[in-house]
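Report on the structure given below.
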There are 2 protein chains.
Amino acid sequence: MAKSAHGQHGPIPEAAVSRLAVYLRALSSLAETEVTSVSSEELAAAAGVNSAKLRKDLSYLGSYGTRGVGYDVRVLTEEIERVLGLTANQAVAVVGIGNLGHALANYGGFPGRGFPVRALFDVDADLLGVPVGGIQVSRIEDIAEVCAERGITIGVIATPAFSAQSVCARLVSSGVRCILNFAPVELVVPDDVEVRKVDLAVEMQILSFHVARRAGTRAAEEGTNGMVTNPS
Amino acid sequence: MAKSAHGQHGPIPEAAVSRLAVYLRALSSLAETEVTSVSSEELAAAAGVNSAKLRKDLSYLGSYGTRGVGYDVRVLTEEIERVLGLTANQAVAVVGIGNLGHALANYGGFPGRGFPVRALFDVDADLLGVPVGGIQVSRIEDIAEVCAERGITIGVIATPAFSAQSVCARLVSSGVRCILNFAPVELVVPDDVEVRKVDLAVEMQILSFHVARRAGTRAAEEGTNGMVTNPS
DNA sequence: GAGTGTGAAAATATTCACAGCA
DNA sequence: TGCTGTGAATATTTTCACACTC
């Protein structure tokens with residue numbers, strides 16, 4: 001068997017995957033300027049990570065840089081896109097056309113292209129057939145049919161919490177294997193389905209923790225009292 | 001010095017903090033039923049993690065369970081809220097009242113209470129003074145004044161990428177130390193400012209990677225079936 | 001008996017630091 | 001000389017497994 005000099009070596013660590021998308025955006029910005037080559041130092045700065053981590057992450061893809069020079073913007077972009085599976089377009093369905101669903105539908109293809117929204121679903125009869133962002137809203141009951149018809153591969157759940165699990169089940173039984181969940185519940189899915197959750201309340205609470213901690217720390221350092229229990 | 005049996009022992013690992021908020025929601029659901037006590041096993045299932053991890057996470061807060069019994073829902077809820085700093089309400093400002101900003105403003109306090117939206121900002125003159133979700137939109141130039149006036153502690157950036165950094169700078173110089181960023185850029189902030197980023201394109205791309213990988217794996221295994229890929 | 005709390009082990013992830021190539 | 005690619009060292013996170021308490 002001929003061994004290629006390029007190509008993915010082994011499984012890419014999850015943590016690295018989630019940063020590849022970030023590098024990709026940084027590369028896009030560069031591509032818009034006249035820059036054709038970047039060093040790990042520069043790209044890392046643009047992506048907000050340190051350069052050793054960036055080089056390590058890229059090393060999982062293979063060897064696409066040039067020692068003493070850096071990375072070719074075009075080559076690296078294409079390589080990351082290939083690894084992330086962005087060469088084939090994924091068709092997206094958004095379920096739940098409330099405030100958030102509306103916003104998502106109007107994003108029109110999700111920033112960073114490659115993710116055209118191709119179907120919208122809601123229970124609200126008043127919305128049926130109404131075009132949002134150029135796409136008509138279909139009935140939840142028709143998820144299976146419409147998803148099959150339009151080749152949906154990614155489902156976005158933007159419904160209230162109480163209906164998220166049932167919507168999810170419908171999507172899964174329609175063959176959707178990737179789900180982005182904005183509803184504040186833990187979805188139960190088969191092993192071969194990938195779910196990612198975006199939870200605004202959780203993000204806010206994490207921020208809240210950091211404000212609180214900082215305030216506590218500051219009070220402690222203030223010399224006088226504080227709510228501090230932190231024995232360091 | 002009297003040593004309390006309770007209270008936080010040391011610094012709480014970042015990974016644990018980000019799950020506390022998830023446990024909190026699971027606890028809220030339980031509180032709505034008549035359940036007053038849960039085991040780590042049950043709570044872990046509701047939160048989508050394994051029970052060892054949950055127990056370890058909770059152990060960073062101190063010892064709030066009862067051996068042989070479990071955790072008191074009320075007590076644990078209060079403890080997590082205290083640690084996350086949810087006892088004091090954080091006032092939120094949303095900057096950029098486009099599709100997404102609109103949706104965020106209408107959330108009205110962010111699910112999971114404790115985060116009332118108290119200010120909205122946009123550059124669009126047509127929006128000035130228009131109430132969205134009950135709050136009037138103010139001018140970006142007035143960020144400093146309005147934030148001080150309303151005691152804003154958390155800023156949410158929902159502007160286009162090109163204005164995110166300048167909006168961020170305004171928020172920071174107005175004293176805001178926590179930022180939730182929806183714009184697809186890496187914000188540069190002083191060390192004492194905490195930024196969390198929510199990036200829909202990145203989430204989609206990570207999902208895309210998993211579809212691609214699955215498809216690849218399946219193709220490779222075609223013939224001899226089995227979901228076994230793990231070379232252990 | 002049942003289920004927490006936690007050291008110790010294993011797995012992951014990050015950072016260092018430098019050999020090796022353009 | 002300059003910068004990549006990567007083993008080795010370190011730090012963090014997860015998991016195990018069991019002593020301990022109710």
Side-chain angles (χ1 to χ4, degrees), chain A residues 3-23 27 30 35-73 75-76 79-80 83 206, chain B residues 3-23 26-27 30 35-73 75-76 79-80 83 206 230-232:
Chain A
K3 183 167 155 216
S4 166
H6 288 321
Q8 179 186 333
H9 292 323
I12 304 178
E14 194 52 38
V17 171
S18 60
R19 283 185 299 259
L20 289 177
V22 177
Y23 304 153
L27 285 167
L30 286 174
V35 178
T36 61
S37 176
V38 264
S39 68
S40 61
E41 203 70 56
E42 294 162 337
L43 186 52
V49 302
N50 80 39
S51 66
K53 195 188 294 187
L54 179 133
R55 287 200 304 279
K56 181 66 105 178
D57 286 345
L58 294 184
S59 78
Y60 296 120
L61 313 183
S63 197
Y64 292 93
T66 308
R67 290 171 201 236
V69 180
Y71 301 90
D72 182 86
V73 172
V75 169
L76 189 54
E79 181 52 22
I80 295 179
V83 170
I206 295 171
Chain B
K3 184 168 158 217
S4 167
H6 289 320
Q8 180 186 329
H9 292 324
I12 304 179
E14 194 52 39
V17 172
S18 62
R19 283 185 300 259
L20 288 177
V22 177
Y23 304 153
L27 285 168
L30 287 173
V35 179
T36 60
S37 174
V38 264
S39 68
S40 62
E41 204 71 56
E42 295 163 336
L43 187 53
V49 303
N50 79 41
S51 65
K53 197 189 293 188
L54 178 133
R55 286 200 304 280
K56 183 63 111 179
D57 286 347
L58 294 184
S59 78
Y60 296 119
L61 313 184
S63 196
Y64 292 93
T66 307
R67 291 172 199 232
V69 180
Y71 301 89
D72 181 86
V73 172
V75 170
L76 189 54
E79 182 52 24
I80 295 179
V83 169
I206 295 171
N230 251 337
S232 57

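In what follows, every heavy atom counts, from backbone to side chain, and hydrogens, waters and symmetry copies are set aside. Labels below follow one simple rule: chain letters A, B, ... track the order of the sequence lines, proteins then strands, and each chain is numbered from 1. Predicted, not measured: the structure shown is a model, and the values here were computed from it.
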Could you check how far CG of A:L76 sits from P of D:dC3, rounded to whole Å? 16 Å
Can you tell me the distance, in whole Å, between the CZ atom of B:R19 and the C1' atom of D:dT13? 8 Å
Find the distance B:I12:CD1 to D:dT12:P and express it as a whole number of Å. 15 Å
Closest approach to the side chain of B:S39, judged atom by atom: which nucleotide of D:dT15, D:dT4, C:dG3 is it? C:dG3
Choosing from D:dG5, C:dT4, C:dA22, which nucleotide comes nearest the side chain of A:T66? C:dA22
Between atom OH in A:Y60 and atom P in D:dG7, what is the gap in whole Å? 11 Å
When rounded to whole Å, the CD to P distance for the pair A:E14 and D:dT13 reads 16 Å
Of the listed nucleotides C:dG5, D:dT4, C:dC16, the one nearest the side chain of B:S63: C:dG5
Just so I know, are the side chains of B:E14 and A:I206 near enough to count as touching, which here means a heavy-atom distance under 4.5 Å? yes
Separation of C:dT14 atom C1' from A:L54 atom CG, nearest Å, is 13 Å
Measure the shortest side-chain to side-chain distance between A:Y71 and A:E79 over non-hydrogen atoms and say whether it is less than 4.5 angstrom. no
Compare the minimum distances between each of C:dT14, D:dT4, D:dA17 and the side chain of A:R67, then state the nucleotide with the smallest one. D:dT4
What nucleotide among C:dT6, D:dG5, D:dT14 has an atom nearest to a side-chain atom of A:S59? D:dG5
Side-chain N or O of A:N50 closer than 4.0 Å to phosphate OP1/OP2 of C:dT15: yes
What is the distance, to the nearest angstrom, from the CG atom on B:D57 to the P atom on D:dT12? 16 Å
Selected nucleotide, minimal atom distance to A:S40 side chain, candidates D:dT6, D:dT4, D:dT13: D:dT4
All N/O donor-acceptor pairs, side-chain side in residues 41-52 of chain A, below 3.5 Å, sequence neighbours left out:
| unit_1 | atom_1 | unit_2 | atom_2 | d |
| --- | --- | --- | --- | --- |
| A:E41 | OE1 | A:S51 | OG | 3.4 |
| A:E42 | OE1 | A:S39 | N | 2.9 |
| A:E42 | OE1 | A:S39 | OG | 3.4 |
| A:N50 | OD1 | A:A52 | N | 3.0 |
| A:N50 | OD1 | A:K53 | N | 2.9 |

If each of A:V69 and A:K53 is mapped to the nucleotide of DNA chain C with the nearest heavy atom, which maps nearer the 5' terminus, i.e. the 5' end? A:K53
Under 4.0 angstrom between A:Y71 side-chain N/O and D:dG5 OP1 or OP2: yes
Roughly how many Å is it from NZ in B:K56 to P in D:dT12, rounded to a whole number? 15 Å
Within-4.5 Å side-chain heavy-atom neighbours: B:L58 and B:Y23: yes
Assign each of B:R55 and A:A16 to its nearest nucleotide of DNA chain C by heavy atoms, then name whichever residue's nucleotide is nearer the 5' end. B:R55
